[in-house]
Amino acid sequence: MLQRLQLAKQLFQKRQSDPKPGRLPLLPSRQSALTKTDRLPEESWLLRVLVQGLVTVGICAMTVAAAGVTETSNLNLLAIPLSAAGAYWSWRSRRRRNIAAKFGIALGMLVALGLFFAQLLNAPGDTRVVLAQLLIQLQVLHSFDLPRRKDLGYSMMIGLVLLGVAATISQTLAFGPLLLLFLMLALPVLMLDYRSRLGLLSQGWRGLGGTPKQFGSVLLVTLLLGLVIFAALPRLPGYQLRTFPVSGSVDANDDFDGTRIFNPGYISGGNGNQTGDNGQGNGGEGSGGSPEVGPGRVNTDFYYGFNQRMNQNLRGEMIPKVVMRVRSQTEGFWRVMAFDQYDGQGWAVSRNDSTTTIPRSPISYQFLPRRLPRLGPAREVVQTYTMVNDFLNLLPVMYEPKEVYFPSEELAVDPEGAIRAPAPMAEGTTYTVVSVVTARRPDLLNEASTDYSDVMKSAYLQLPEGPQARIRAEAERLLATAPEPITTAFGKAEFLAQTLKENYSIQEDLPFFDENEDLVEAFLFRYQGGTPDHFATTLTVMLRSLGIPARLAAGFGPGEFNPFTGFYTVRNTDAYAVTEVFFPQYGWFTFDPIPGHLAQPPGGEDPNPFSVLRQVWDWLANATPAPVANALEQGLRAIAWVIYTLVGLFTRFSGRGWLQVLWVVGLLTGFGFLGWLGWHGVKLWRRRRWLGQLAPMEKLYQQMLQRLA
């Protein structure tokens, strides 16, 4: 009411100063008042300062989010003082036409657009940062022409768009404080913008029309409401647009043939006569390299399984270090490479010379690895990998990759499906993979044929002479302990993996193997366990002894999921080995016999759209007393039952035809409308009853207030 009186006073004073006074109209409509104020220069310096703050936060958010993630320039920060200078000049020139300045701004925008297209052609990968840089340049030019409130509105939107782009790029929580600061600035900006639309001048902090306590309350309620919505919204699979993030550059040498692996964790990486990437034979900063054969210590930085030879007679532990961040439609096992030849104390890639190179698409960074058609249901899973530290030239992927978007001219694929880059990946390298993950259907895999080709038998049934008969007898003895006879390859692999989990233990202080000692034989009969990777080797060898083709695969577990960033943080200590079993026409499927791990490594399952809500509920259940947690759980179960019942009714009626569904929806809508009419009728009856109890003048006054409202 006070605002309306102030507006009436201003309009009356303006009417009094009119040189041609006429009939004094009543209060004009709000729309006409807004139209008039839109044409006037914006006089609120506080609104201008806060809008400039929004733009500054947006530019800072872009710089912070892109640091270490994708290629960007810190020169973007120069836009902050330039934009501020332009905003000050606009304030001083808000009442002038500034024709020359507008002409110069138009020329500058054309130049910025030309630079944008030139940069876009030179970097055909992820275009988000390129677009954001164009927007920053346009904002600097636009800041020199901000006479009216709607011009400030354009700057508000630019700040909001920059913040949104930064949110899609950010991979850490460093973006969080900037988001909170943007919210703290946006609330008073919206309040001042609304008062400016009403024609109420807002000079100084008192122009906000509220106390700091009221502003803090609104900020707290908005923040809490936003967190609740963030937790309750379903996380649906992204990447519906087929433009995937790629950044960095990995240049190939002229002699790149894909046969070399650069792992500085070994004294000699890749081929037996080649050194690591530093060429000096050490294994990285401050840590010694591991030998490819015989006893030794593991490198503390690099996993020993990412090499042409995997020596499992090594002991020790790695120092945890973040390797990469992964954004994926579902969690998975980020497979790096696989091995086909077992030598008693480790594994090797025997067909390294059969590695083939594949060129990329001439118009994009797309590679199409060759893959055979598979039976069974499958789904596509998109993953984007960003290297936080320097990594090898092996690409972690979810098996089996269909499309790879990588910043190089060539890639190589070995016979075991591992993808190799021309050179090690530097920090900040980003690439994207589209994988086709075949569903793990026991009913189909139990019916798979056991008629293996000669190539499969020679490559994946190989075992060294010696303990093979004893290992086979032990595998058959374990299978005989099953409640029912197991006759299928899938059933044998699943049962043996679970048996190794339950009956053998991880040995932290395992001694080195003797020169002629077999790893699997020592695991089963001497130590009753071994290191985590020894479990996968034991399962692989036992399956081979039974005539089931199998190989050892090494990669990373999902890592730690951050619900605020949407990324999986993967460390070097997340690397381990699993067993892959071949089923004709269906392909390779993974089994994990390591104690504490799931028998089926994650990957390919339907994503849980309410994963954040599930995490919040787990936290509440652990933080609240048991009676309160039980009461909350019962309430959630009741809500879930109601939703389930409604969905069941809808499904039942939808099975009878869409006319039945439309009839039910129309009936529910009608009941809802009748309920709304009834509620408003009750409110009107109560008000009339209340007015009837008032004195005549007070009743008239209340009716006047109602009409004015």
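Keep in mind the model is a prediction, meaning the values are calculated, not measured. Along the sequence shown, residues are numbered consecutively beginning with 1.
- More than 12 heavy atoms of other residues, nucleotides or ligands lie within 6.0 Å of CD in Q702, so this atom counts as buried by the packing criterion.
- Minimum interatomic distance between I319 and N572 (heavy atoms only, all atoms of both residues): O-ND2, 2.9 Å.
- Stacking of R440 on the aromatic ring of F591 is recorded, both the 6.0 Å distance cut-off and the 45° axial limit being met.
- Note: T63 OG1 to L77 CG = 4.0 Å, rounded to the nearest 0.5 Å.
- In summary, the side chains of Q528 and S505 do not present any donor paired with an acceptor at a separation below 3.5 Å, with no hydrogens or angles considered.
- Checked by atom type, the side-chain pair D533/Y303 shows a donor-acceptor distance below 3.5 Å.
- Side-chain N or O atoms of T481 include one that pairs as donor or acceptor with a backbone N or O of L478 at under 3.5 Å.
- For the residue pair E494 and Q498, no side-chain donor N or O sits within less than 3.5 Å of a side-chain acceptor on the partner.
- L392 is not listed as a side-chain neighbour of M425, based on a closest heavy-atom distance of 4.5 Å or more.
- L50 contributes atom CG, which lies 10.5 Å from atom CG of L190 (distance to the nearest 0.5 angstrom).
- Residues A554 and G305 approach most closely at CB-O, 4.0 Å, considering heavy atoms.
- You'll find the side chain of F589 reaches within 4.5 Å of the side chain of T438, heavy atoms only.
- Heavy-atom minimum distance, V437 versus Y399: CG2-O, 3.9 Å.
- In the model, E427 has no side-chain atom that pairs as donor or acceptor with a side-chain atom of T429 under 3.5 Å.
- Among all heavy-atom pairs drawn from M62 and A132, the shortest one is CE-CB, 3.4 Å.
- Among the candidates I486, L543, T579, T538, the single residue satisfying the side chain to side chain contact (heavy atoms under 4.5 Å, CB included) test with L496 is L543.
- At a cut-off of 3.5 Å, with distance as the only test, a side-chain donor of T531 or H534 sits close to an acceptor on the other residue.
- Closest approach of T330 and S328 over heavy atoms only: O-OG, 2.5 Å.
- The OG1 atom of T56 sits 9.5 Å away from atom CG of L181, with the distance rounded to the nearest 0.5 Å.
- Using modelled atom types, one side-chain atom of D574 and one backbone atom of R571 make a donor-acceptor pair closer than 3.5 Å.
- Screening Y527, F523, Y504 for a ring pair (Phe, Tyr, Trp, His ring centres under 6.0 Å) involving F535 leaves a single residue, F523.
- Judged by distance alone, the side chain of W334 and the main-chain N or O of G557 form a donor-acceptor pair under 3.5 Å.
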### Query
After noting the C-alpha distance and the side-chain angles of R687 and K683, does the key distance pass the side chain to side chain contact (heavy atoms under 4.5 Å, CB included) rule?
CA-CA 6 Å; R687 179 167 183 80; K683 290 174 61 177; over 6 Å; no

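- Under the 3.5 Å distance criterion, with hydrogens and angles disregarded, a donor-acceptor pair is assigned to the side chains of Q171 and T386.
- The closest side-chain heavy-atom distance from V326 to V570 is below 4.5 Å.
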### Task
Run the numbers on V581 and W588 for side chain to side chain contact (heavy atoms under 4.5 Å, CB included), then give the verdict.
CA-CA 5 Å; V581 182; W588 295 90; 5.6 Å; no

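- Using a 4.5 Å heavy-atom cutoff, the side chains of F175 and I169 are not in contact.
- Put simply, the side chain of T540 gets close to the backbone of A536: a donor and an acceptor are under 3.5 Å apart.
- Between P595 and I506, some side-chain heavy-atom pair lies under the 4.5 Å cut-off.
- Salt bridge annotation for R335-E400: absent, with no cationic side-chain nitrogen under 4.0 angstrom from a carboxylate oxygen.
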### Query
Which is it for F583 and L444 under the side chain to side chain contact (heavy atoms under 4.5 Å, CB included) test, yes or no, and what are the steps along the way?
CA-CA 10 Å; F583 299 89; L444 298 178; over 6 Å; no

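- Interatomic distance, OG1 of T300 versus CE of M318, reported as 9.5 Å (0.5 Å rounding).
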### Message
side chain to side chain contact (heavy atoms under 4.5 Å, CB included) for R315 and L510? Distances and angles first, verdict last.
### Response
CA-CA 8 Å; R315 304 293 181 265; L510 191 71; 3.7 Å; yes

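- Side chain of D193 to main chain of V189: no donor-acceptor pair is present (N/O by atom type, distance under 3.5 Å, no hydrogens or angles).
- Using a distance-only test at 3.5 Å, with no hydrogens or angles considered, no donor-acceptor pair links the side chain of E560 to the main chain of T569.
- N562 and Y568 share no side-chain donor-acceptor pair at under 3.5 Å.
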### Message
Checking F556 against F333 for the ring pair (Phe, Tyr, Trp, His ring centres under 6.0 Å) test, could you report, in this order, the C-alpha distance in whole Å, the side-chain angles of both residues, the deciding distance, and whether it holds?
### Response
CA-CA 6 Å; F556 294 98; F333 179 73; 8.6 Å; no

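- Listed for the K321 side chain is no donor-acceptor partner under 3.5 Å among the backbone atoms of N389.
- Scanning both residues, S155 and V55, for their nearest heavy atoms gives O-CG2, 3.5 Å.
- Atom OH of Y194 sits about 10.0 Å away from atom CZ of R197, to the nearest 0.5 Å.
- Residue L163 holds its CG atom at 10.0 Å from CG of L183, rounded to the nearest 0.5 Å.
- Side-chain contact check for F490 versus Y586: every heavy-atom pair is 4.5 Å or farther apart.
- With hydrogens and angles left out, the side-chain atoms of Q383 and S435 include a donor and acceptor closer than 3.5 Å.
- Counting only heavy atoms from C-beta outward, the side chains of L47 and V51 approach each other to under 4.5 Å.
- For the pair Q507 and P532, the minimum side-chain heavy-atom distance is 4.5 Å or more.
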